[in-house]
Visitor: 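Please read through the structure below; I'll follow up with questions.
The first residue of the sequence shown is numbered 1, and numbering continues consecutively from there.
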Amino acid sequence: MTIKNYFTNTTWTGFFGGIIGGVSLIVTTRFIRNGPLQISPYPFLLIASILTIALSDKSEISLSKLFITGLLTFIIMTLFLYLYLIKFVNPNSGIDMLGHLWRLGLMLGIGIISSLLVSVIVRHLTK
């Protein structure tokens, strides 16, 4: 597998999972008022994206490939939801740029930790 294929599989799977996840987060936010249920698409789409890469080519599975796919999925999902919340749910929140940056930074940290954990588990289970 060449570097181009490595990047393409990881990127497209992450983008596709992120877009589906972002839309599902917006839909659940609109129709479900229970907080923990609103974020239920996160684990499902994160695990699905990582499993897609893990099961597509078992000979080329690497932890970094699984991690990048999961992180990209998580970040795109989060951006979809965040933009929806600040544009449509609470457009007059009064949050300044620094407020947005620390919130996005926190979500990046959560994405890194969760993607790494799921990647390690999937890598171990698919060996």
Side-chain angles (χ1 to χ4, degrees):
M1 178 177 261
T2 66
I3 291 175
K4 182 179 179 184
N5 289 342
Y6 172 88
F7 180 74
T8 303
N9 286 345
T10 303
T11 304
W12 285 116
T13 303
F15 276 124
F16 187 67
I19 290 168
I20 290 172
V23 170
S24 64
L25 281 169
I26 290 169
V27 169
T28 57
T29 301
R30 287 191 54 99
F31 296 111
I32 298 175
R33 296 293 170 224
N34 184 348
L37 287 177
Q38 287 179 335
I39 61 170
S40 61
Y42 270 114
F44 294 117
L45 268 297
L46 183 63
I47 292 168
S49 293
I50 291 174
L51 279 174
T52 300
I53 291 296
L55 299 176
S56 65
D57 189 8
K58 290 187 127 188
S59 64
E60 295 291 328
I61 297 174
S62 70
L63 185 60
S64 63
K65 190 174 184 181
L66 299 174
F67 172 73
I68 290 169
T69 303
L71 184 59
L72 190 58
T73 300
F74 189 93
I75 295 301
I76 292 172
M77 287 173 65
T78 300
L79 288 175
F80 264 67
L81 180 61
Y82 195 77
L83 291 173
Y84 169 74
L85 292 175
I86 64 173
K87 280 297 206 184
F88 299 105
V89 175
N90 195 6
N92 300 321
S93 66
I95 300 173
D96 62 350
M97 185 57 76
L98 187 59
H100 290 298
L101 288 177
W102 81 259
R103 285 169 175 82
L104 291 172
L106 179 65
M107 290 308 293
L108 176 64
I110 292 168
I112 288 170
I113 292 168
S114 61
S115 296
L116 184 60
L117 289 173
V118 173
S119 297
V120 167
I121 292 168
V122 167
R123 173 84 167 116
H124 178 71
L125 292 175
T126 56
K127 275 189 168 182

Visitor: Mind checking what makes ring pair (Phe, Tyr, Trp, His ring centres under 6.0 Å) contact with Tyr82, not counting sequence neighbours?
Guide: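 Checked Tyr82 against ring pair (Phe, Tyr, Trp, His ring centres under 6.0 Å); matches are His100.
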
Visitor: Which residue is it: Leu116, Ile53, Val122, Val118? I am looking for the one with a side chain to side chain contact (heavy atoms under 4.5 Å, CB included) to Phe67.
Guide: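 For Phe67, the side chain to side chain contact (heavy atoms under 4.5 Å, CB included) check succeeds only for Leu116.
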
Visitor: Just jot down the ring pair (Phe, Tyr, Trp, His ring centres under 6.0 Å) partners of Tyr42, sequence neighbours excluded, or say none.
Guide: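 Only Phe74 meet the ring pair (Phe, Tyr, Trp, His ring centres under 6.0 Å) criterion with Tyr42.
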
Visitor: If you measure from CD1 on Ile19 to CD1 on Ile76, what distance do you get to the nearest 0.5 Å?
Guide: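 Those atoms lie 6.0 Å apart.
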
Visitor: Find the distance between CD1 (Ile47) and CD1 (Ile121) and round it off to the nearest 0.5 Å.
Guide: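 One finds 8.0 Å between CD1 of Ile47 and CD1 of Ile121.
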
Visitor: May I ask you to decide if Gly99's main-chain N or O and Arg103's side chain share a donor-acceptor pair within less than 3.5 Å?
Guide: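 Checked: pair present.
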
Visitor: The criterion is side chain to side chain contact (heavy atoms under 4.5 Å, CB included); which residues satisfy it with Leu106, sequence neighbours excluded?
Guide: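 So Leu106 forms a side chain to side chain contact (heavy atoms under 4.5 Å, CB included) with Trp102, Ile110.
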
Visitor: Under 4.5 Å between side-chain heavy atoms, chaining through other members, with only Ile, Leu, Val, Met, Phe, Trp and Tyr counted: pull out the rest of the cluster around Met97, sorted by chain and number.
Guide: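 Listed partners: Leu101.
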
Visitor: For a 4.5 angstrom cut-off between non-hydrogen side-chain atoms, does Asn90 reach Leu85?
Guide: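 No, too far: nothing below the 4.5 Å cut-off.
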
Visitor: Do you reckon Leu37 sits in the same ILVMFWY cluster as Phe80, going by side-chain contacts under 4.5 Å, direct or chained?
Guide: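 No, it is not one cluster - the side chains of Leu37 and Phe80 are not joined through contacts under 4.5 Å.
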
Visitor: Residues in side-chain hydrogen bond (donor to acceptor under 3.5 Å, both in side chains) with Thr69, at least two apart?
Guide: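 Counting only residues at least two positions away or on another chain, Thr69 forms no side-chain hydrogen bond (donor to acceptor under 3.5 Å, both in side chains).
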
Visitor: Atom CZ in Phe16, atom CG in Leu72: separation rounded to 0.5 Å?
Guide: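 Answer for the CZ-CG pair, Phe16 versus Leu72, is 13.5 Å.
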
Visitor: Hey, what do you get for CD1 (Ile50) to CG (Leu45), rounding to the nearest 0.5 Å?
Guide: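 The CG atom of Leu45 is 11.0 Å from CD1 of Ile50, to the nearest 0.5 Å.
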
Visitor: Say you draw a straight line from CG of Leu66 to OG of Ser49; how long is it, rounded to the nearest 0.5 Å?
Guide: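 Result: 11.0 Å between the selected atoms.
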
Visitor: Please name the pair of heavy atoms, one in Ser114 and one in Gly111, separated by the smallest distance, quoted to 0.1 Å.
Guide: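 What the structure gives for the nearest pair is OG-O, 3.4 Å.
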
Visitor: Please determine whether residues Ile32 and Val27 belong to a single hydrophobic cluster, defined as Ile, Leu, Val, Met, Phe, Trp and Tyr linked transitively by side-chain heavy-atom distances below 4.5 Å.
Guide: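 No; Val27 is not reachable from Ile32 via cluster members.
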
Visitor: Kindly say whether Thr10 contributes a backbone atom to a donor-acceptor pair with the side chain of Thr13 at under 3.5 angstrom?
Guide: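 It does not hold such a pair.
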
Visitor: Any idea which heavy atoms bring Gln38 and Arg33 closest together, and the distance?
Guide: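 Closest pair (atom of Gln38, atom of Arg33, distance): NE2-CA, 4.1 Å.
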
Visitor: Which atoms form the tightest heavy-atom contact between Ser115 and Gly70, and what is the distance?
Guide: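 Nearest pair, atom of Ser115 first, then Gly70: OG-C, 3.1 Å.
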
Visitor: Which residues satisfy the side chain to side chain contact (heavy atoms under 4.5 Å, CB included) test with Leu117, sequence neighbours excluded?
Guide: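 Listed in chain order: Ile113.
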
Visitor: Suppose we screen for side chain to side chain contact (heavy atoms under 4.5 Å, CB included). Which residues come up paired with Leu83, at least two apart in sequence or across chains?
Guide: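 For Leu83 the side chain to side chain contact (heavy atoms under 4.5 Å, CB included) partners, ignoring immediate neighbours, are Ile86.
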
Visitor: For Tyr84, what residues pass the ring pair (Phe, Tyr, Trp, His ring centres under 6.0 Å) criterion, not counting sequence neighbours?
Guide: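 For Tyr84, the residues satisfying ring pair (Phe, Tyr, Trp, His ring centres under 6.0 Å) (neighbours in sequence not counted) are Phe88.
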
Visitor: Under the rule for side chain to side chain contact (heavy atoms under 4.5 Å, CB included), what residues qualify as partners of Leu63, not counting sequence neighbours?
Guide: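 Scan of Leu63 (side chain to side chain contact (heavy atoms under 4.5 Å, CB included), adjacent residues dropped) gives Ser119, Val120, Arg123.
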
Visitor: About how many Å separate CG of Leu79 and CG of Leu25, when rounded to the nearest 0.5 Å?
Guide: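 If I round to the nearest 0.5 Å, the distance is 11.5 Å.
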
Visitor: For the residue pair Asn34 and Pro36, what are the closest heavy atoms and their distance?
Guide: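 Closest heavy-atom pair between Asn34 and Pro36: OD1-CD, 2.8 Å.
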
